[in-house]
Amino acid sequence: MAKRPVSDDTKKTVTKRKSAARTAAKKTTTKSPARKAAKKKTKKAKDRTWTRSIAIFLLKFSLAFSAIFILYGMYLDSKIQARFSGPIWKTPAQIYARSLELSPGMFLPHEKLVEELVLLNYLKVAKPRSAGQFSVSKTKVELFRRSFTYLDGTEPNQALFLAFADNRLVSIRDQQSGKYLNSVNLDPMLIDTLQAPNQEDRILVELQNYPQLLIDTLLLVEDRNFYHHSGISPVAIIRAAFANMNAGRTVQGGSTLTQQLVKNFFLTRQRSYWRKFNEAYMALLINYRLSKDAVLSGYLNEVYLGQNYSDGVYGFGLASYFYFGRPVPEITIDQMAFLVAVVKGPSFYDPWRYPERALERRDMIIRLLSKNGKISTLEYRAAISRPLGIIPRGHMSISKVPAFLSLLRRELKTTFGDALYDQSGLKIFTSLDPLAQRAAETAITQSLPRLEKARNISGLETAMVVTDRHYGRVTAIVGGRNTQYAGFNRALDALRPIGSVVKPAIYLTAFEQGYDLNSPLEDKPLRLNNQYGNNWQPKNYDRKYRGEVPLYQALMQSLNVPTVNLGMALGIDNVIDSLKRLGVEKVDNHYPSMLLGALNMSPFQVSQMYQTIATAGVYHKLTALVAVVDAEGDLVYQQDLKGNRRFAREDTDLTIYNMTLVAKQGTARRLSWQFPGINFAGKTGSTDNLRDSWFVGLDNRDVVTVWVGRDDNKTSTLTGSSGALTVFGDYMKLRSADSLAIN
């Protein structure tokens, strides 16, 4: 069907209608201003809600973080308060040698006092002006004595003037008051410390006792703004960061002394941001809790400054002894600079391993002191010209005394048990005489090579025990040829046949039973049964028989046959009883052979036996321990000096007199050639095949026991007079024996 044509009017009408429809639709879809405003309002409300949510979250997070931060701070603060509320450190016991008592009229060669002062590390100067200094001339010694704690309290610093004449101390004058004194004691030498396992080794020093220059040096090098910051120093941290970035490695630290103290007290050495956070936080807390002086005192006594073999060296108080053998108040400018130098790295600046490196850093600090006006030009020149002056590692004093300390530790264990280690700040005063110990060590070092060369032998060993004749105090002990060796102690633990040194006990028994010096003894061939049921025929050393000899001659010449006859007449059980009363705890041979010394004893046990003879029959148990004083200065223990009489004096006097004949005319007569006009008492001893050489000698001061032999029990080729007596003579030469003869 054909389409009807559309007119133009119709087309226009349709177009208008479509246009109107589009306009109406557009009007329908376009928002009104009111709706736009509503939508904007809704959007703003949503934004505010989101912002508020974030703000609330941040607020809650901040509050939670603050709460955690505060709670964590309270936890850290509780640790700080717990550490600082009581004693901060449990300090090891300090072990001291004897205190030398000076009194007018005493025998004391001028040079021996000087030797004592050198051993105590007194500084020789032109004019003593502070503690620890002395000056010397031909007839006098001016001395500024140190303050020290002793049995009856603290002795103050004291300026003294001592006059000498004819090897004697003539007078002692207090230079401040001008008064003459009847007696005065020198400070005792610190020889070691005694700490429990895992206990840090330190010597506490009060802040006021540190030299101000040492404190100034430490602050100048380690923390210049110590008294002005709040425990941490942002300036130091930034400065260190730039220095490290420029160097490309860690060359400078930003930690304050307070932070270092925190690290030492509470934290590990692990490097992490968490540790640094704890370090800074606790530094702030400590700065709030403690005064600056308290922080500084804690640091000075806590800082790690070296390694003494397996033990760390903590605090400047101990480090001063460890490196220089002197108390910290007395160290010199160069020594202060060195101690501050090693703070940066005790291993890196170890003066024994890297002396050039240590010296370079010390000198840098001395220059820093001069540049900052802390010392004068004259002081700078003197300080920088000095060598390091470090003592041998591990020698708290001039030398170690391992054998003596071995004896002391055993005695402390017996007396106190392990409870001693639970107490802090004890002072243990011993009987060690530094002059006697040095003489004993020197005598052994000199004599043994000489004996080996003369006999064309090697491998000799030795031990020596020296005791105070009056109270049984051990004044020196050497446990072997290597006097500094801390291993096997032959003086205490080497059980050897004692040979003829047993004989004075037999003759003492005879005097008790009414014999006298002229009592006749038979010297003819003798046959007895020994402990194995075999015939035993004792012989004299020269293989001769004299028929009959007076008692004094038998001991003087150490004749075996008369001695056995005497012992059998006295009764072996009576001789054994005498040995036990003399202090021999156990006699392991009850047969006639014991009369010639077939007894195994240590040099220490032999010394105990002779001690009772030397003290006129009064038994004093040999001891190294004189007294113990606690941290408050109260006396905890003191040696009982009363003793126990076990023999009549007249009997021991006869025994000692007979022993003087041994030294004058008998087997030890070389002493009369070596020390003409001087009386000693003594007894030589030898054993089968000359395996052991013994000598025990007495003067008015000492009882000296010497053994020489070999560890493998082979012959030493030495008799008592050719071996041990030689060591004794060398010791006495070093001890100025001319003043100490038996009277």
Side-chain angles (χ1 to χ4, degrees), residues 399-411 431-433 436-452 457-467 472-502 583-584 597 599-611 622 624 682-687 690-698 702-716 718-732 734-735:
S399 66
K400 295 191 293 185
V401 284
F404 184 88
L405 291 173
S406 173
L407 170 63
L408 177 67
R409 287 189 175 95
R410 297 183 196 193
E411 193 171 347
S431 54
L432 179 75
D433 183 334
Q437 182 69 31
R438 169 171 278 195
E441 293 175 1
T442 303
I444 284 171
T445 301
Q446 292 176 350
S447 58
L448 258 64
R450 194 168 71 246
L451 288 172
E452 289 179 331
I457 57 174
S458 62
L460 287 182
E461 268 298 347
T462 188
M464 181 186 290
V465 180
V466 183
T467 62
R473 293 174 173 174
V474 179
T475 56
I477 184 169
V478 179
R481 179 173 186 155
N482 182 351
T483 60
Q484 302 295 289
Y485 180 58
F488 182 61
N489 190 338
R490 293 167 185 82
L492 302 180
D493 300 322
L495 299 177
R496 308 287 302 197
I498 64 173
S500 293
V501 294
V502 75
V584 179
L599 300 170
N600 292 323
M601 294 171 60
S602 69
F604 187 80
Q605 291 169 332
V606 171
S607 189
Q608 178 70 78
M609 179 175 75
Y610 275 81
Q611 183 70 39
L622 294 187
K683 185 67 190 78
T684 57
S686 308
T687 60
L690 301 182
R691 292 186 177 93
D692 302 277
S693 170
W694 290 90
F695 184 74
V696 184
L698 284 65
D702 296 332
V703 178
V704 183
T705 301
V706 182
W707 168 82
V708 176
R710 293 170 60 103
D711 287 340
D712 59 11
N713 207 32
K714 293 181 180 179
T715 180
S716 69
L718 298 169
T719 64
S721 58
S722 63
L725 181 61
T726 300
V727 180
F728 174 83
D730 287 350
Y731 170 79
M732 280 299 167
L734 294 164
R735 286 289 276 160

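Start at 1 with the first residue, then count along the sequence.
The shortest distance between side-chain heavy atoms of Leu408 and Leu405 falls below 4.5 Å. Proximity of Pro603 to Trp694: side-chain heavy atoms (C-beta onward) are separated by under 4.5 Å at one or more points.
Put simply, the side chain of Gln437 gets close to the backbone of Ile477: a donor and an acceptor are under 3.5 Å apart. Remark: side-chain polar atoms of Thr726 are paired, donor with acceptor, to backbone N or O of Ser722 under 3.5 angstrom. Looking at Thr475, its side chain never comes within 3.5 Å of a backbone N or O of Leu432 through a donor-acceptor pair. Listed for the Ser686 side chain is a donor-acceptor partner under 3.5 Å among the backbone atoms of Gly720. Under the 3.5 Å distance criterion, the side-chain polar atoms of Ser602 are left unmatched by any main-chain donor or acceptor of Ala494. Listed for the Trp707 side chain is no donor-acceptor partner under 3.5 Å among the backbone atoms of Ile498. Thr467 places no side-chain N or O within donor-acceptor distance of the main-chain N or O of Gly472, the cut-off being under 3.5 Å. For the pair Ser431 (side chain) and Val474 (backbone), a donor-acceptor distance under 3.5 Å is present. Between the side chain of Gln605 and the backbone N or O of Val584, no donor-acceptor pair lies under 3.5 Å.
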Do Leu407 and Leu492 pass the side-chain contact (heavy atoms from CB on, under 4.5 Å) test, and can you show the C-alpha distance, the side-chain angles, and the key distance before you say yes or no? CA-CA 8 Å; Leu407 170 63; Leu492 302 180; 4.0 Å; yes

Where do Thr687 and Asp692 land on the side-chain hydrogen bond (donor to acceptor under 3.5 Å, both in side chains) test, with the steps shown first? CA-CA 5 Å; Thr687 60; Asp692 302 277; 2.8 Å; yes

Walk me through it: do Ser500 and Thr684 pass the test side-chain contact (heavy atoms from CB on, under 4.5 Å)? CA-CA 7 Å; Ser500 293; Thr684 57; 5.7 Å; no

Can you check side-chain contact (heavy atoms from CB on, under 4.5 Å) on Val466 and Val704, steps first, answer last? CA-CA 5 Å; Val466 183; Val704 183; 4.1 Å; yes

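In this structure, the separation between CG on Leu725 and NZ on Lys683 is 11.0 Å, given to the nearest 0.5 Å. With values rounded to the nearest 0.5 angstrom, Leu690 atom CG is found 13.0 Å from Arg710 atom CZ. For the atom pair OH of Tyr610 and CG of Leu622, the computed distance is 14.0 Å after rounding to the nearest 0.5 Å. The CG atom of Leu698 sits 8.0 Å away from the CZ atom of Phe728 when rounded to the nearest 0.5 Å. Atoms CG and CE, on Asp702 and Met732 in that order, are 5.0 Å from each other to the nearest 0.5 Å. Note that OG of Ser607 is 6.0 Å distant from CD of Gln611, once rounded to the nearest 0.5 Å.
The minimum heavy-atom distance between Glu441 and Val401, with the atom names listed, is OE2-CG1, 4.3 Å. In plain terms, the two heavy atoms of Arg410 and Asp493 that are nearest each other are NH2-OD2, 2.7 Å. Nearest heavy-atom pair, Pro402 versus Ala486, reported as atom, atom and distance to 0.1 Å: CB-CA, 3.6 Å. What you find for Asp433 and Arg735 is that their closest heavy atoms are OD2-NH2, 3.6 Å.
Salt bridge annotation for Arg481-Glu452: present, with a cationic side-chain nitrogen under 4.0 angstrom from a carboxylate oxygen. Ion pairing between Arg490 and Asp711 holds under the 4.0 Å rule for side-chain N and carboxylate O.
Just one of Val706, Asp730, Val708, Val727 meets the side-chain contact (heavy atoms from CB on, under 4.5 Å) condition when paired with Ile444; it is Val727.
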